[in-house]
Amino acid sequence: MTEKEKREVTEVSEAQIAVHWQEEGYYHASPKFIAQANMTDETVYDRFSLDNFPNCFKEYADLLDWYEYWHTTLDTSDAPCWKWFVGGKINASYNCVDRHLAKNKNKTAIHFVPELEEEKVEHITYQELYVRVNEFTAILQDFCGLKAGDRVTLHMPMVPELAITMLACARLGVIHSQVFGGFSGKACSDRIVDSKSDVLITMDAYYRGGKILDHKEKADIAVAEAAKENQKVQKVLVWQRYPGKYSAQTPMVDGRDFFVNDLLKKYYGKRIEPVRMPAEAPLFLMYTSGTTGKPKGCQHSTGGYLAYVTGTSKYVQDIHPEDVYWCMADIGWITGHSYIVYGPLALGASTVIFEGIPNYPDAGRCWRIAQDLDVNIFHTAPTTIRALRKIGPDEPRKYNYFFKHMTTVGEPIEPEVWRWYHEVVGKGKAAIVDTWWQTETGGFLCSTLPALKPMKPGSAGPGMPGIHPIIFDEDGNTLPKGAGKAGNICIQNPWPGGFQTIWGDRDRFVRQYYTRYCKNPASKDWRDWPYLTGDAAVEAPDGYIRILGRIDDVINVSGHRLGTKELESAALVVPEVAEAAVVPVKHDIKGIEPDLYVALKPGVAATPELAKKISDAIVREIGPIAKPRKVWIVPDMPKTRSGKIMRRVLGSISNKSDVGDVMTLANPEVVELITKMVQG
Ligand code: PRX
């Protein structure tokens, strides 16, 4: 069997269950939008053509303040670990905070919207942000003894203290690794161990759906689990949701846990000079799911990353200093890092941090926030748009806000949902960008530039300036524009926002992202190293790209990226489980949901209690976002004669589509049995 056949037999990918909607017509941004837009110069695409690569990216780097300019724009000597702006010295915290003080110190940097509506919105000016970042930096430096290159794990909810913590780390060149607050203590510990952090920064509690959740208890689990792997966490810094009051039930551990608010008293008024970091020094790690059970730490650089997110925030998000910008992602994901914290703050914008969920206490919450803060740029994911459309299709009309610009990110958006976003949320006036990118890529890969290219519902648009996508078939032939066939979308060239490597695992980095289409593994020429994104896509005759979904063992649940192997290994923690297989199922709101199939060890009875125990194990190991739609306990997994689980067959059963020919399986009879069980 060829590699290609093997893949087809054993896997079901998101791309296979993707909706193949039709190409839609164009929508145009209003003259009013275009008249004020940051990027209206059509020659930008020429300036960023491959002929002008890599020097074109100077245009983005020049949006930043550098202590020293670089001597080499792109160093390819360690291909495919690219180094950008080599020789340059820069500090991300300085660029996001200090440099705005001269003209804008009294301007709001962060609007913090607590989940409870009766709680006051906090408006943090750039001056206050500067003070708070400096004081917290002093704690990191003096109390924790941290210095450039050390790793610190953050496990924080959506509060301004998270941005402050990140910027304080960046001030010292300490590499932060923020773990999504909704992840479990165990998931946090895996990341502590991998990054070898000996400081954990957390918060006692936060609100979600109207309830205050004890978050500190997860820190205790994380520290205990990490200790089992010989990673000792020396200090746990605990921010308080209400300064001066402890809102968690779990006791503080003497000598290990410290309230930030107590420590701060010693450092009031402290100022710490930003450390002049080499451009290619790592700024942060962002763990994401891949094809194995072990999440990988995507290592992002300081200069290249910051240049790329600043440039794209300016030209794609169209952020001006007077705008109020609200991205409703979580800072625990790459979208929040790039487009809530680093990009907008580097531009001196006012960025909104919202603690809560979009439908609490009701379907009008988002639109009240938009109205009250006069938000004019709005950024969210299709899963949220679908949910808001379902629970409150007419709510936006009741509120008096005006969005000039809106973004969708994270998943393909159905044209119907896009139209509701445009007509109802955007009141027919907002320019929309559909931004396709990944944790690995730091910033946008494909999107329209809102004043230059028309929108097309359901389509991300062309490659960004300086990003040159190419679609290959399985054999490495290029699928031209308008081929009408889907293939594996790659990027031909490096760009400054791209991750540098997988933390501590260069081999995996090369294998997973570059080996597939590499023309010559010994080459130091970037042209030989197309970057494999792991998505399937089609390119229309106009160069607009539609993303169909993942081709690998990654699924995208409500815009959250999960590895099927991660879920399977969590299920296998339950001693009764012999085998586990996860498949993606289409869902109206979440886009994709995981279905879990398990086979039990001999002699173990299938009971609803056991199914619940397995589901609970997944929530405990990973977090509630990974909870399967259903745990199907099956008598046996459908298998090939060589013993591989046929996920493709299980996927078809879950999605009620044709299972195809199963007669070559080792056990074709189970297919009918499982189909009856699942489809009734
Ligand atoms: O499959 C693509 C999908 O999300 C994956 C990346 O997930 P993550 O690393 O968590 O980053 C999400 C935020 C950038 C991609 O490989 N994806 C992302 N944006 C889009 C998308 N699919 C379709 N359209 C998009 N705009």
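For ligands, and for the atoms within them, numbers begin at 1 and follow the listed sequence.
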Is there a heavy atom in A460 that sits closer than 4.0 Å to ligand 1?
no
Check ligand 1 against D535 and write out every atom of the ligand that is under 4.0 Å from a heavy-atom position of the residue.
1 (O), 2 (C), 15 (C), 16 (O)
Within 4.0 Å of some non-hydrogen atom of N556, the atoms of ligand 1 are 3 (C), 4 (O)
Considering both backbone and side-chain atoms of G410, is one of its nitrogen or oxygen atoms within less than 3.5 Å of a nitrogen or oxygen in ligand 1?
yes
ring-ring contact (aromatic ring centres under 6.0 Å, His included), paired with Y305, selected from F284, F57, Y60
F284
Does G549 have a non-hydrogen atom less than 4.0 Å from ligand 1?
no
Contact list for residues 350-359, test side chain to side chain donor-acceptor pair (under 3.5 Å), sequence neighbours left out
R241-E355
Say whether T533, considering both its backbone and side-chain N or O atoms, lies within less than 3.5 Å of an N or O atom on ligand 1.
no
Charged tip of K296 within 45° of F509 ring normal and under 6.0 Å
no
T439, portion touching ligand 1 at heavy-atom distance under 4.0 Å
both
Taking all atoms of both residues into account, what is the closest heavy-atom pair of P382 and I413, and its distance?
CG-CB, 3.9 Å
Heavy-atom pair of closest approach, residues Q438 and T533:
NE2-O, 2.7 Å
With heavy-atom distances below 4.0 Å as the criterion, list the atoms of ligand 1 near P412.
22 (N), 23 (C), 24 (N)
Ligand 1 N/O within reach of E411 N/O, cut-off under 3.5 Å:
yes
Please find the pair of heavy atoms, one from Y597 and one from S654, that lie closest to each other, and give the distance.
OH-OG, 2.7 Å
Checking W436 against D535 for the side chain to side chain donor-acceptor pair (under 3.5 Å) test, could you report, in this order, the C-alpha distance in whole Å, the side-chain angles of both residues, the deciding distance, and whether it holds?
CA-CA 10 Å; W436 167 67; D535 281 327; 2.8 Å; yes
Protein residue, atom and distance nearest to atom 6 (C) of ligand 1, heavy-atom basis
W437 O, 3.6 Å
Identify which of R546, R561, E440 has a heavy atom lying nearest to atom 7 (O) of ligand 1.
R561
Distance only, no hydrogens: is a donor on one side chain within 3.5 Å (strictly under) of an acceptor on the other, for Y339 and T407?
no
By number and element, which atoms of ligand 1 are closer than 4.0 Å to a non-hydrogen atom of T335?
13 (C)
